[in-house]
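These notes concern the structure reproduced below.
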Amino acid sequence: EFWRLFNVRGDIYKKKYKGLYCVGCEQFITEKDLVDGKCPIHPTKTPEVIEEENYFFKLTNYREKLLEYLSNKRSIIPEWRRKEAIDYVKEGMEDLSISRDKKRFSWGIVIPGDDSQIMYVWFDALINYISTLGWPNPHPNPLPKGEGASLFQKFWQNGEKIQMAGKDMVKFQSVMWQGMLMSAGLPTTDTVVYHGFITGEGGIKMSKSIGNVISPGDIVREYGTDALRYFFLREISTFEDSPFTMERFKEAYNANLANGLGNLVSRILTMAEKYNVSHISSEINYKDSDIENFNIKKYMDSVWIKIQETDKKIQEKEPYKLFKTNHQMAMDVVSDLCTDLSIIANRLLPMMPETAERILYYLRENKKPEKPLFLRKD
């Protein structure tokens with residue numbers, strides 16, 4: 001259906017093409033894209049010179065509309081990726097090859113009316129954003145009464161459309177896909193958020209094809225889901241490349257979870273249970289500017305500042321000693337600490353939900369944890 005819409009608009013033509021092709025990226029690249037003769041994303045693969053006849057999408061027809069779309073500062077986060085997209089549309093964007101010779105592939109979606117060609121993988125893959133919502137059926141995926149006619153209407157036509165993608169996807173997600181939507185007469189994406197790569201030893205991109213991956217399942221089985229969530233959300237940069245090694249993970253786990261948050265929770269709740277201290281629960285407004293701008297690391301840093309401030313309050317006021325001389329003042333201090341802990345837990349709810357729920361449960365029950373939230377690992 002998407003192909004038909006392109007054809008109706010007159011945005012597809014066929015021509016012979018010769019160029020460098022990166023098998024890893026599954027796209028044609030230019031000489032200026034290369035670093036030391038290799039694709040910068042797949043430095044272990046040598047680009048192939050391929051000549052064949054393909055169908056092309058007249059992406060250049062939408063240069064002005066794309067520049068208008070990208071002029072909105074919320075179209076891409078972070079800002080430097082938006083400038084990257086604008087520069088590409090202005091200077092490097094060409095019509096896009098959207099088919100491949102069927103003889104080179106063992107599978108693929110056949111081009112309507114031409115069984116010698118199959119659709120380029122990124123052409124059909126991007127359409128999943130809307131086909132998963134039931135498009136193009138006239139009334140796909142009906143919703144309960146009062147929620148609208150379909151998931152497509154609810155999310156793509158009436159909702160705020162936010163996509164997450166890796167930094168190497170700018171041309172695909174913010175240029176190619178938006179141009180495709182424009183040609184098909186469908187609403188464009190509101191915001192695409194680009195993150196950096198997770199690298200292994202030596203700063204090399206972590207990739208299955210390279211073989212330098214670490215199993216997240218193994219980490220979760222030993223350390224728990226929230227420990228892994230914490231590392232990705234705080235110790236990994238939101239927008240830039242960051243290394244993941246087990247040495248870095250264990251160091252952060254022990255310092256900031258076992259000795260940091262876990263120890264603070266145990267100290268406060270032990271005092272609260274022992275002296276039967278009541279406290280005021282806090283409600284959190286998640287309209288936080290860092291969350292709104294998807295700067296999750298900065299948000300998590302602010303939570304850990306609160307954790308450190310609360311720990312400092314214990315050290316300075318020493319309520320465990322104060323109970324011997326001024327019981328009421330000590331009760332007030334611990335009650336205040338419980339409120340601080342409630343704020344911390346509520347702020348962690350969207351980031352480390354299991355941990356946050358456990359803390360809030362112990363606060364409501366006024367009891368200390370039966371075992372540490374995070375066991376220290378050697």
Side-chain angles (χ1 to χ4, degrees), residues 164 166 195-201 206-208 212-239 241-273 281-282 284 286 288 290-291 294-311 314 337-338 340-378:
M164 301 289 294
H195 56 78
F197 292 152
I198 298 170
T199 62
E201 294 283 357
M206 198 172 282
S207 164
K208 286 185 292 184
N212 60 344
V213 297
I214 296 172
S215 169
D218 293 344
I219 297 173
V220 166
R221 278 186 285 275
E222 183 174 355
Y223 294 90
T225 305
D226 274 6
L228 188 59
R229 288 174 68 107
Y230 163 80
F231 192 86
F232 280 123
L233 296 173
R234 183 166 184 239
E235 304 294 335
I236 297 288
S237 170
T238 305
F239 303 120
D241 293 358
S242 295
F244 186 108
T245 64
M246 285 309 300
E247 183 180 1
R248 278 195 74 218
F249 177 83
K250 290 177 182 178
E251 184 180 322
Y253 173 89
N254 284 327
N256 298 314
L257 294 180
N259 296 343
L261 175 61
N263 186 53
L264 178 71
V265 169
S266 179
R267 294 177 75 187
I268 293 174
L269 290 173
T270 296
M271 289 186 289
E273 180 187 59
S281 297
S282 64
I284 296 297
Y286 290 111
D288 181 281
D290 292 328
I291 289 182
F294 300 92
N295 198 336
I296 308 302
K297 174 176 168 44
K298 189 176 178 183
Y299 176 85
M300 290 289 279
D301 284 343
S302 70
V303 176
W304 252 258
I305 289 172
K306 179 68 175 176
I307 290 170
Q308 292 160 4
E309 290 173 347
T310 305
D311 191 56
I314 296 175
L337 289 168
C338 286
D340 289 336
L341 189 57
S342 176
I343 292 171
I344 291 166
N346 274 285
R347 295 197 71 197
L348 284 176
L349 266 175
M351 308 299 166
M352 299 169 63
E354 293 176 12
T355 300
E357 289 286 6
R358 285 180 66 191
I359 296 171
L360 292 171
Y361 166 78
Y362 289 124
L363 282 168
R364 288 192 300 270
E365 297 297 316
N366 203 26
K367 58 190 287 190
K368 65 182 179 183
E370 298 165 2
K371 60 180 182 179
L373 292 181
F374 300 98
L375 287 169
R376 184 174 173 80
K377 303 284 186 176
D378 295 326

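We number each residue from 1, following the sequence as shown. Owing to the predicted nature of the structure, the values given are computational and were not obtained by experimental measurement. Computation of the quantities below employed the complete heavy-atom set of this structure, encompassing side-chain atoms and omitting hydrogens, waters and symmetry-equivalent molecules.
Here the side chain of D241 pairs a donor or acceptor atom with the backbone of F197 at under 3.5 angstrom. A donor-acceptor contact shorter than 3.5 Å is absent between the side chain of N254 and the backbone of N259. Checking side-chain atoms of S342 against main-chain N and O of C338 turns up no donor-acceptor pair under 3.5 Å. Remark: side-chain polar atoms of T238 are paired, donor with acceptor, to backbone N or O of K297 under 3.5 angstrom.
When every heavy atom of Y253 is checked against every heavy atom of R376, the shortest pair comes out as CE2-CA, 4.4 Å. Closest approach of M351 and L233 over heavy atoms only: O-CD1, 3.6 Å. What you find for L228 and P216 is that their closest heavy atoms are CD2-CB, 3.9 Å. For the residue pair A227 and L257, the shortest heavy atom distance occurs at CA-CD1, 3.8 Å. Residues P369 and V265 come closest through the heavy atom pair CG-CG1, 4.1 Å. Across all their heavy atoms, A345 and I359 have their closest contact at CB-CG2, 3.7 Å.
Checked against ring-ring contact (aromatic ring centres under 6.0 Å, His included), F231 has the following partners two or more places apart in sequence or in another chain: F244, F249. Shown here are the side chain to side chain donor-acceptor pair (under 3.5 Å) partners of D290, two or more places apart in sequence or in another chain: there are none. Partners of N366 by side chain to side chain contact (heavy atoms under 4.5 Å, CB included), not counting sequence neighbours, listed by chain and number: A272, N276. Residues meeting the side chain to side chain contact (heavy atoms under 4.5 Å, CB included) test with K367, sequence neighbours left out: E273, Y361, Y362, E365, E370.
Within the structure, every pair that satisfies the salt bridge (charged side-chain N to carboxylate O under 4.0 Å, His left out) test and touches residues 255-268, not counting sequence neighbours, is listed here: R267-D311. For the side chain to side chain donor-acceptor pair (under 3.5 Å) condition, the pairs that include at least one residue of residues 218-236, sequence neighbours left out, are D218-R221, D226-T355, Y230-R234, Y230-E235, Y230-N256, R234-D301, E235-N256.
L341 contributes atom CG, which lies 10.0 Å from atom NZ of K306 (distance to the nearest 0.5 angstrom). The line from CG of L348 to CD1 of I343 is 12.0 Å long, rounded to the nearest 0.5 Å. Within the model, atoms CD1 of I305 and OG1 of T310 stand 11.5 Å from one another, a figure rounded to the nearest 0.5 Å. Rounding to the nearest 0.5 Å gives a distance of 10.0 Å between CE of M300 and CD1 of I291. Taken to the nearest 0.5 Å, the CD1 atom of I268 stands 5.0 Å off from the CG atom of L337.
Judged by the 6.0 Å and 45° rule, R347 forms a cation-pi pair with Y299.
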Given side chain to side chain contact (heavy atoms under 4.5 Å, CB included), test T199 with S242 step by step and report yes or no. CA-CA 6 Å; T199 62; S242 295; 5.9 Å; no
Between F239 and N295, is the side chain to side chain contact (heavy atoms under 4.5 Å, CB included) condition met? List the steps. CA-CA 8 Å; F239 303 120; N295 198 336; 4.1 Å; yes
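Annotation: side chain of S266 is not in contact with side chain of K368 (no heavy-atom distance under 4.5 Å). With a 4.5 Å cut-off on side-chain heavy atoms, F232 and I296 do not count as touching.
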